2 protein chains.
Amino acid sequence: MKLEDEIQQRVFKSPYQKAYLNVVFTAGWLQQRLAAAFKPYGITLPQYNVLRILRGQHPKPATVNLLIERMLDKTSNASRIVDKLEAKGLVTRQVCPSNRRAVDIRITEAGLDLLLRTEELANAQHSGLENLSGDEAAQLSDLLDKIRS
Amino acid sequence: MKLEDEIQQRVFKSPYQKAYLNVVFTAGWLQQRLAAAFKPYGITLPQYNVLRILRGQHPKPATVNLLIERMLDKTSNASRIVDKLEAKGLVTRQVCPSNRRAVDIRITEAGLDLLLRTEELANAQHSGLENLSGDEAAQLSDLLDKIRS
DNA sequence: CTACATATAATGTATGTACATATATTTGCA
DNA sequence: TGCAAATATATGTACATACATTATATGTAG
(Lines give C-alpha, C1' and ligand atoms only; values in the text may rest on other atoms or scores of the structure.)
Protein backbone atom coordinates (compact mmCIF):
# COMPACT_ATOMS: atom_id res chain seq x y z
CA MET A 1 0.00 0.00 0.00
CA LYS A 2 1.18 3.53 -0.65
CA LEU A 3 2.60 5.34 2.36
CA GLU A 4 0.00 8.10 1.97
CA ASP A 5 -2.75 5.62 2.74
CA GLU A 6 -0.92 3.74 5.46
CA ILE A 7 -0.44 6.77 7.66
CA GLN A 8 -3.28 8.93 6.26
CA GLN A 9 -1.00 11.79 5.41
CA ARG A 10 -1.63 13.18 1.96
CA VAL A 11 1.14 15.73 1.70
CA PHE A 12 4.83 15.45 2.49
CA LYS A 13 7.05 18.47 2.91
CA SER A 14 9.67 16.98 0.61
CA PRO A 15 10.82 13.71 -0.92
CA TYR A 16 13.24 13.62 2.02
CA GLN A 17 10.50 13.71 4.62
CA LYS A 18 8.56 11.09 2.72
CA ALA A 19 11.58 8.80 2.40
CA TYR A 20 12.35 9.19 6.09
CA LEU A 21 8.84 8.18 7.11
CA ASN A 22 8.91 5.39 4.58
CA VAL A 23 12.13 3.86 5.93
CA VAL A 24 10.83 3.92 9.49
CA PHE A 25 7.37 2.67 8.54
CA THR A 26 8.64 -0.12 6.30
CA ALA A 27 11.10 -1.36 8.92
CA GLY A 28 8.23 -1.60 11.41
CA TRP A 29 6.10 -3.38 8.83
CA LEU A 30 8.82 -5.93 8.10
CA GLN A 31 9.59 -6.57 11.74
CA GLN A 32 5.99 -6.95 12.80
CA ARG A 33 5.39 -9.58 10.16
CA LEU A 34 8.48 -11.53 11.10
CA ALA A 35 7.77 -11.27 14.83
CA ALA A 36 4.28 -12.69 14.22
CA ALA A 37 5.79 -15.62 12.33
CA PHE A 38 8.10 -16.44 15.24
CA LYS A 39 5.43 -16.10 17.86
CA PRO A 40 4.12 -19.68 17.54
CA TYR A 41 7.65 -20.87 18.31
CA GLY A 42 7.73 -18.93 21.56
CA ILE A 43 10.56 -16.56 20.74
CA THR A 44 10.79 -12.89 19.92
CA LEU A 45 12.84 -11.32 17.15
CA PRO A 46 15.70 -10.13 19.38
CA GLN A 47 15.84 -13.60 20.95
CA TYR A 48 15.98 -15.17 17.49
CA ASN A 49 18.78 -12.86 16.45
CA VAL A 50 20.82 -13.80 19.49
CA LEU A 51 20.27 -17.49 18.76
CA ARG A 52 21.54 -16.93 15.20
CA ILE A 53 24.72 -15.31 16.48
CA LEU A 54 25.25 -18.17 18.93
CA ARG A 55 24.81 -20.76 16.18
CA GLY A 56 27.42 -18.88 14.17
CA GLN A 57 29.88 -19.31 17.03
CA HIS A 58 28.91 -22.87 17.88
CA PRO A 59 30.53 -24.94 19.32
CA LYS A 60 32.59 -22.01 20.61
CA PRO A 61 30.90 -19.88 23.27
CA ALA A 62 30.03 -16.22 22.93
CA THR A 63 30.23 -13.52 25.57
CA VAL A 64 27.67 -10.79 26.19
CA ASN A 65 30.13 -8.33 24.66
CA LEU A 66 30.29 -10.31 21.46
CA LEU A 67 26.50 -10.44 21.26
CA ILE A 68 26.28 -6.67 21.63
CA GLU A 69 28.85 -6.13 18.87
CA ARG A 70 26.90 -8.29 16.46
CA MET A 71 23.38 -7.21 17.30
CA LEU A 72 21.50 -4.80 15.07
CA ASP A 73 20.54 -2.76 18.08
CA LYS A 74 23.65 -2.12 20.13
CA THR A 75 21.82 -0.50 22.99
CA SER A 76 19.45 -3.33 23.69
CA ASN A 77 20.07 -5.32 26.80
CA ALA A 78 21.77 -8.54 25.77
CA SER A 79 21.94 -9.76 29.38
CA ARG A 80 18.19 -9.88 29.74
CA ILE A 81 17.58 -11.36 26.33
CA VAL A 82 19.95 -14.18 27.30
CA ASP A 83 17.94 -14.51 30.55
CA LYS A 84 14.83 -15.33 28.55
CA LEU A 85 16.63 -17.80 26.30
CA GLU A 86 18.21 -19.50 29.30
CA ALA A 87 14.83 -19.83 31.02
CA LYS A 88 13.57 -21.63 27.89
CA GLY A 89 16.55 -23.97 27.82
CA LEU A 90 17.76 -22.64 24.47
CA VAL A 91 21.14 -21.44 25.76
CA THR A 92 23.45 -22.11 28.69
CA ARG A 93 25.43 -19.61 30.72
CA GLN A 94 28.70 -20.42 32.44
CA VAL A 95 31.31 -18.18 34.02
CA CYS A 96 34.30 -18.06 31.69
CA PRO A 97 37.16 -19.97 33.36
CA SER A 98 39.92 -17.82 31.91
CA ASN A 99 38.25 -14.51 32.71
CA ARG A 100 35.79 -14.68 35.53
CA ARG A 101 34.26 -11.32 34.65
CA ALA A 102 32.96 -12.76 31.40
CA VAL A 103 30.26 -15.33 30.82
CA ASP A 104 30.37 -18.07 28.21
CA ILE A 105 27.04 -18.41 26.45
CA ARG A 106 26.31 -21.45 24.31
CA ILE A 107 23.35 -22.52 22.22
CA THR A 108 21.83 -25.85 23.30
CA GLU A 109 20.55 -28.73 21.15
CA ALA A 110 17.04 -27.42 21.75
CA GLY A 111 18.18 -24.01 20.48
CA LEU A 112 19.75 -25.50 17.36
CA ASP A 113 16.60 -27.53 16.76
CA LEU A 114 14.40 -24.45 17.03
CA LEU A 115 16.56 -22.65 14.46
CA LEU A 116 16.19 -25.62 12.11
CA ARG A 117 12.42 -25.63 12.47
CA THR A 118 12.21 -21.88 11.76
CA GLU A 119 14.71 -21.91 8.91
CA GLU A 120 12.25 -20.87 6.25
CA LEU A 121 10.63 -18.05 8.25
CA ALA A 122 13.55 -15.65 7.93
CA ASN A 123 13.70 -16.35 4.23
CA ALA A 124 13.45 -13.51 1.73
CA GLN A 125 10.62 -15.47 0.08
CA HIS A 126 8.23 -14.46 2.81
CA SER A 127 9.62 -11.13 3.92
CA GLY A 128 8.20 -8.78 1.31
CA LEU A 129 11.61 -8.24 -0.27
CA GLU A 130 10.68 -10.81 -2.90
CA ASN A 131 8.69 -8.05 -4.59
CA LEU A 132 11.99 -6.50 -5.65
CA SER A 133 14.38 -7.75 -8.30
CA GLY A 134 17.89 -8.56 -7.15
CA ASP A 135 19.13 -5.36 -8.75
CA GLU A 136 16.51 -3.30 -6.99
CA ALA A 137 17.42 -4.88 -3.64
CA ALA A 138 21.07 -3.96 -4.19
CA GLN A 139 20.09 -0.45 -5.23
CA LEU A 140 18.00 -0.11 -2.06
CA SER A 141 20.97 -1.15 0.07
CA ASP A 142 23.16 1.43 -1.67
CA LEU A 143 20.67 4.23 -1.02
CA LEU A 144 20.40 3.25 2.64
CA ASP A 145 24.19 3.10 3.03
CA LYS A 146 24.34 6.59 1.59
CA ILE A 147 21.95 7.90 4.24
CA ARG A 148 24.29 6.76 6.99
CA SER A 149 27.50 7.83 5.27
CA MET B 1 29.37 3.28 7.26
CA LYS B 2 28.81 0.17 5.23
CA LEU B 3 26.37 -2.32 6.71
CA GLU B 4 29.04 -5.03 6.77
CA ASP B 5 31.03 -3.02 9.30
CA GLU B 6 28.08 -1.83 11.35
CA ILE B 7 26.92 -5.32 12.21
CA GLN B 8 30.21 -7.16 11.66
CA GLN B 9 28.71 -9.55 9.17
CA ARG B 10 30.87 -9.98 6.11
CA VAL B 11 28.65 -12.18 3.99
CA PHE B 12 24.97 -11.90 3.14
CA LYS B 13 22.98 -14.77 1.71
CA SER B 14 21.49 -12.56 -0.99
CA PRO B 15 20.90 -8.93 -1.92
CA TYR B 16 17.46 -9.52 -0.39
CA GLN B 17 18.80 -10.48 2.99
CA LYS B 18 21.21 -7.56 2.91
CA ALA B 19 18.48 -5.10 1.94
CA TYR B 20 16.23 -6.43 4.68
CA LEU B 21 18.88 -5.96 7.35
CA ASN B 22 19.73 -2.56 5.91
CA VAL B 23 16.14 -1.28 6.09
CA VAL B 24 15.80 -2.39 9.69
CA PHE B 25 19.24 -1.15 10.72
CA THR B 26 18.87 2.23 9.01
CA ALA B 27 15.45 2.85 10.54
CA GLY B 28 16.95 2.22 13.98
CA TRP B 29 19.87 4.48 13.18
CA LEU B 30 17.60 7.31 12.08
CA GLN B 31 15.27 6.98 15.04
CA GLN B 32 18.04 6.81 17.64
CA ARG B 33 19.59 10.02 16.34
CA LEU B 34 16.29 11.84 16.35
CA ALA B 35 15.35 10.53 19.80
CA ALA B 36 18.68 11.79 21.16
CA ALA B 37 17.97 15.22 19.69
CA PHE B 38 14.59 15.39 21.43
CA LYS B 39 15.86 14.14 24.76
CA PRO B 40 17.02 17.56 26.05
CA TYR B 41 13.45 18.77 25.51
CA GLY B 42 12.06 16.03 27.74
CA ILE B 43 9.99 14.20 25.15
CA THR B 44 10.33 10.92 23.32
CA LEU B 45 9.78 10.32 19.63
CA PRO B 46 6.30 8.78 20.00
CA GLN B 47 5.31 11.70 22.24
CA TYR B 48 6.62 14.16 19.64
CA ASN B 49 4.65 12.43 16.89
CA VAL B 50 1.45 12.66 18.91
CA LEU B 51 2.08 16.34 19.54
CA ARG B 52 2.50 16.88 15.79
CA ILE B 53 -0.82 15.23 15.07
CA LEU B 54 -2.50 17.34 17.74
CA ARG B 55 -1.05 20.53 16.30
CA GLY B 56 -2.42 19.49 12.92
CA GLN B 57 -5.90 19.31 14.44
CA HIS B 58 -5.59 22.43 16.58
CA PRO B 59 -7.77 24.13 17.69
CA LYS B 60 -10.03 21.14 17.09
CA PRO B 61 -9.56 18.25 19.51
CA ALA B 62 -8.43 14.75 18.56
CA THR B 63 -9.61 11.46 19.99
CA VAL B 64 -7.43 8.47 20.85
CA ASN B 65 -8.84 6.75 17.79
CA LEU B 66 -7.70 9.53 15.51
CA LEU B 67 -4.21 9.39 17.02
CA ILE B 68 -4.01 5.66 16.39
CA GLU B 69 -5.08 6.08 12.76
CA ARG B 70 -2.38 8.65 12.12
CA MET B 71 0.47 7.08 14.07
CA LEU B 72 3.24 5.21 12.31
CA ASP B 73 2.92 2.37 14.76
CA LYS B 74 -0.75 1.45 14.98
CA THR B 75 -0.28 -1.02 17.80
CA SER B 76 1.41 1.37 20.17
CA ASN B 77 -0.59 2.47 23.13
CA ALA B 78 -1.83 5.97 22.42
CA SER B 79 -3.61 6.15 25.78
CA ARG B 80 -0.41 5.86 27.73
CA ILE B 81 1.53 8.21 25.49
CA VAL B 82 -1.18 10.81 26.10
CA ASP B 83 -0.81 10.07 29.84
CA LYS B 84 2.81 11.18 29.70
CA LEU B 85 2.05 14.30 27.67
CA GLU B 86 -0.76 15.23 30.04
CA ALA B 87 1.53 14.82 33.06
CA LYS B 88 3.93 17.29 31.42
CA GLY B 89 1.15 19.78 30.73
CA LEU B 90 1.60 19.53 26.97
CA VAL B 91 -1.93 18.27 26.27
CA THR B 92 -5.32 18.30 27.99
CA ARG B 93 -7.84 15.50 28.20
CA GLN B 94 -11.58 16.07 28.53
CA VAL B 95 -14.47 13.67 28.13
CA CYS B 96 -16.14 14.44 24.80
CA PRO B 97 -19.54 16.05 25.55
CA SER B 98 -21.26 14.61 22.48
CA ASN B 99 -19.95 11.07 22.96
CA ARG B 100 -18.98 10.29 26.49
CA ARG B 101 -17.05 7.18 25.48
CA ALA B 102 -14.55 9.34 23.63
CA VAL B 103 -11.98 11.75 25.02
CA ASP B 104 -11.12 15.10 23.47
CA ILE B 105 -7.37 15.65 23.49
CA ARG B 106 -5.96 19.10 22.81
CA ILE B 107 -2.45 20.48 22.62
CA THR B 108 -1.73 23.26 25.12
CA GLU B 109 0.20 26.49 24.62
CA ALA B 110 3.18 24.79 26.27
CA GLY B 111 2.88 21.97 23.74
CA LEU B 112 2.73 24.36 20.81
CA ASP B 113 5.71 26.24 22.21
CA LEU B 114 7.74 23.04 22.53
CA LEU B 115 7.01 22.19 18.89
CA LEU B 116 8.19 25.64 17.84
CA ARG B 117 11.42 25.27 19.78
CA THR B 118 12.11 21.85 18.21
CA GLU B 119 11.08 22.86 14.69
CA GLU B 120 14.48 22.37 13.12
CA LEU B 121 15.24 19.01 14.77
CA ALA B 122 12.87 17.00 12.58
CA ASN B 123 14.25 18.71 9.52
CA ALA B 124 15.66 16.63 6.68
CA GLN B 125 18.82 18.74 6.95
CA HIS B 126 19.90 16.90 10.05
CA SER B 127 18.35 13.50 9.53
CA GLY B 128 20.88 11.86 7.25
CA LEU B 129 18.52 11.98 4.30
CA GLU B 130 20.30 15.13 3.10
CA ASN B 131 23.00 12.81 1.76
CA LEU B 132 20.57 11.80 -0.99
CA SER B 133 19.48 13.87 -3.96
CA GLY B 134 15.77 14.56 -4.27
CA ASP B 135 15.55 12.00 -7.04
CA GLU B 136 17.29 9.38 -4.95
CA ALA B 137 14.94 10.04 -2.04
CA ALA B 138 11.94 9.54 -4.32
CA GLN B 139 13.50 6.39 -5.76
CA LEU B 140 14.05 5.08 -2.21
CA SER B 141 10.38 5.68 -1.37
CA ASP B 142 9.31 3.82 -4.51
CA LEU B 143 11.45 0.80 -3.65
CA LEU B 144 10.07 0.73 -0.12
CA ASP B 145 6.48 1.01 -1.35
CA LYS B 146 7.19 -1.94 -3.61
CA ILE B 147 8.28 -4.08 -0.66
CA ARG B 148 4.93 -3.57 1.02
CA SER B 149 2.83 -3.94 -2.12
C1' DC C 1 51.84 -5.34 46.86
C1' DT C 2 48.36 -2.01 47.40
C1' DA C 3 45.41 1.56 45.12
C1' DC C 4 43.10 2.99 41.49
C1' DA C 5 41.47 2.52 36.84
C1' DT C 6 39.30 -0.49 33.51
C1' DA C 7 36.55 -4.36 31.85
C1' DT C 8 32.42 -7.26 31.97
C1' DA C 9 28.07 -8.25 33.15
C1' DA C 10 23.91 -7.59 35.87
C1' DT C 11 20.43 -4.64 37.80
C1' DG C 12 17.27 -0.52 38.27
C1' DT C 13 13.97 2.64 36.24
C1' DA C 14 11.28 4.96 32.74
C1' DT C 15 9.28 4.43 28.43
C1' DG C 16 7.36 2.00 24.51
C1' DT C 17 5.43 -2.19 21.90
C1' DA C 18 2.29 -6.04 21.44
C1' DC C 19 -1.61 -8.13 22.66
C1' DA C 20 -5.37 -9.54 25.81
C1' DT C 21 -8.91 -8.05 28.83
C1' DA C 22 -11.92 -4.81 31.34
C1' DT C 23 -15.09 -0.80 31.80
C1' DA C 24 -18.20 2.47 30.30
C1' DT C 25 -21.18 4.32 26.76
C1' DT C 26 -23.85 4.21 22.71
C1' DT C 27 -26.42 1.99 19.07
C1' DG C 28 -29.43 -1.17 16.92
C1' DC C 29 -32.94 -4.23 16.81
C1' DA C 30 -36.40 -7.76 18.53
C1' DT D 1 -38.42 -0.81 26.12
C1' DG D 2 -34.78 -3.83 27.01
C1' DC D 3 -30.78 -6.01 25.98
C1' DA D 4 -27.07 -7.69 22.94
C1' DA D 5 -23.53 -5.94 20.02
C1' DA D 6 -20.46 -2.44 18.84
C1' DT D 7 -17.55 1.46 20.06
C1' DA D 8 -14.00 4.15 22.72
C1' DT D 9 -10.73 4.08 25.95
C1' DA D 10 -8.16 2.28 29.81
C1' DT D 11 -5.63 -1.30 32.19
C1' DG D 12 -2.72 -5.57 32.81
C1' DT D 13 1.29 -8.29 31.53
C1' DA D 14 5.38 -9.73 29.08
C1' DC D 15 9.09 -8.21 26.55
C1' DA D 16 12.31 -4.75 24.57
C1' DT D 17 14.81 -0.27 24.43
C1' DA D 18 17.56 3.40 26.48
C1' DC D 19 20.43 4.77 29.76
C1' DA D 20 22.37 5.05 34.51
C1' DT D 21 24.26 2.55 38.28
C1' DT D 22 26.22 -1.33 40.72
C1' DA D 23 29.00 -5.51 41.56
C1' DT D 24 33.02 -8.22 40.57
C1' DA D 25 37.12 -9.27 38.49
C1' DT D 26 41.29 -7.91 36.27
C1' DG D 27 45.16 -4.94 34.98
C1' DT D 28 48.56 -1.56 36.06
C1' DA D 29 51.29 2.30 38.16
C1' DG D 30 53.90 3.54 41.86
Side-chain angles (χ1 to χ4, degrees), chain A residues 24-25 27-51 61-69 71-88 90-105, chain B residues 24-25 27-51 61-69 71-88 90-105:
Chain A
V24 171
F25 182 80
W29 186 90
L30 287 169
Q31 291 189 100
Q32 270 180 39
R33 280 163 46 112
L34 198 50
F38 279 109
K39 194 160 197 220
Y41 296 91
I43 57 167
T44 64
L45 228 41
Q47 289 169 18
Y48 170 75
N49 289 327
V50 165
L51 281 183
T63 62
V64 170
N65 259 344
L66 186 139
L67 293 179
I68 292 171
E69 279 171 17
M71 283 167 73
L72 283 189
D73 194 328
K74 317 277 183 223
T75 69
S76 87
N77 205 320
S79 244
R80 276 186 279 232
I81 293 171
V82 172
D83 283 349
K84 304 291 156 56
L85 292 171
E86 192 183 19
K88 287 184 264 227
L90 302 174
V91 310
T92 61
R93 231 192 308 220
Q94 181 189 6
V95 170
C96 173
S98 64
N99 178 355
R100 293 190 7 230
R101 285 169 299 188
V103 175
D104 283 345
I105 304 159
Chain B
V24 171
F25 182 80
W29 186 91
L30 286 170
Q31 289 190 101
Q32 269 180 40
R33 281 163 44 111
L34 198 50
F38 278 111
K39 193 161 195 219
Y41 296 90
I43 58 168
T44 65
L45 228 40
Q47 290 170 15
Y48 170 74
N49 289 328
V50 167
L51 281 184
T63 63
V64 169
N65 256 345
L66 185 139
L67 294 179
I68 292 171
E69 280 172 17
M71 283 167 75
L72 283 189
D73 194 330
K74 316 278 185 221
T75 70
S76 86
N77 207 319
S79 245
R80 275 185 280 230
I81 293 172
V82 172
D83 283 349
K84 304 293 155 58
L85 291 171
E86 192 183 18
K88 287 185 264 228
L90 302 175
V91 310
T92 61
R93 234 194 304 222
Q94 178 189 9
V95 171
C96 171
S98 64
N99 179 352
R100 292 190 9 229
R101 286 171 301 187
V103 174
D104 282 345
I105 304 160

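What you see is a predicted model, and the numbers here were worked out from it, not measured in a lab. Values reported hereafter were calculated over all heavy atoms of this structure, with side chains retained and with hydrogens, waters and symmetry mates removed. The sequence lines fix the lettering, A, B, ..., with proteins before strands; numbering per chain opens at 1.
Across the interface with DNA chain D, nearest-nucleotide mapping of M71(A) and P97(A) shows M71(A) to be the residue nearer the 5′ end. Across the interface with DNA chain D, nearest-nucleotide mapping of T44(A) and A36(B) shows T44(A) to be the residue nearer the 5′ end. Summary of the strand contacts: A102(A) and T75(B) both lie near DNA chain C, and taking for each the nucleotide with the nearest heavy atom, the more 5' one is attributed to A102(A). Residue order along DNA chain C, read from the 5' end via each residue's closest nucleotide, puts V82(A) first among Q32(A) and V82(A).
Among the protein residues, N99(B) comes within range of the sugar-phosphate backbone only, with heavy atoms under 4.0 Å from sugar or phosphate atoms but none that close to a base. Residue S76(B) is in sugar-phosphate contact alone, with no base atom involved, counting any heavy-atom pair closer than 4.0 Å across all strands shown. K74(B) comes within 4.0 angstrom of nothing in the nucleic acid, heavy atoms only. As judged by a 4.0 angstrom heavy-atom cut-off over every strand, L45(A) is placed among residues making no nucleic acid contact. Residue contacts for D83(A): at a heavy-atom cut-off of 4.0 Å it reaches no nucleic acid atom on any strand shown.
Spacing between atom NZ of K39(B) and atom P of dA18(D) amounts to 11 Å, rounded to whole angstrom units. As a whole-Å value, the separation of Q94(B) CD from dA8(D) C1' is 16 Å. The nearest whole Å value for the distance from the CH2 atom in W29(A) to the C1' atom in dA18(C) is 18 Å. Following rounding to the nearest Å, I81(A) (CD1) and dA9(C) (P) show an atom-to-atom distance of 14 Å. Going from atom CZ of F38(B) over to atom P of dC19(D) covers 15 Å, rounded to whole Å.
In terms of heavy-atom proximity, R93(A) sits nearest to I105(A) at CG-CG1, 3.9 Å. Of all non-hydrogen atoms in V24(B) and A27(A), the two that sit nearest each other are CA-CB, 4.0 Å.
Between the side chain of R101(A) and the base of dG27(D), no donor-acceptor pair of N or O atoms lies under 3.5 Å. Taking 3.5 Å as the limit, the base of dT11(D) and the side chain of N77(B) contain a donor-acceptor pair of atoms between them.
Side-chain proximity of V64(B) to the nucleotides dA16(D), dT25(C), dT9(D) is greatest for dT9(D).
A distance of 7.0 Å separates CD1 in I43(A) from CG in L90(A), rounded to the nearest 0.5 Å.
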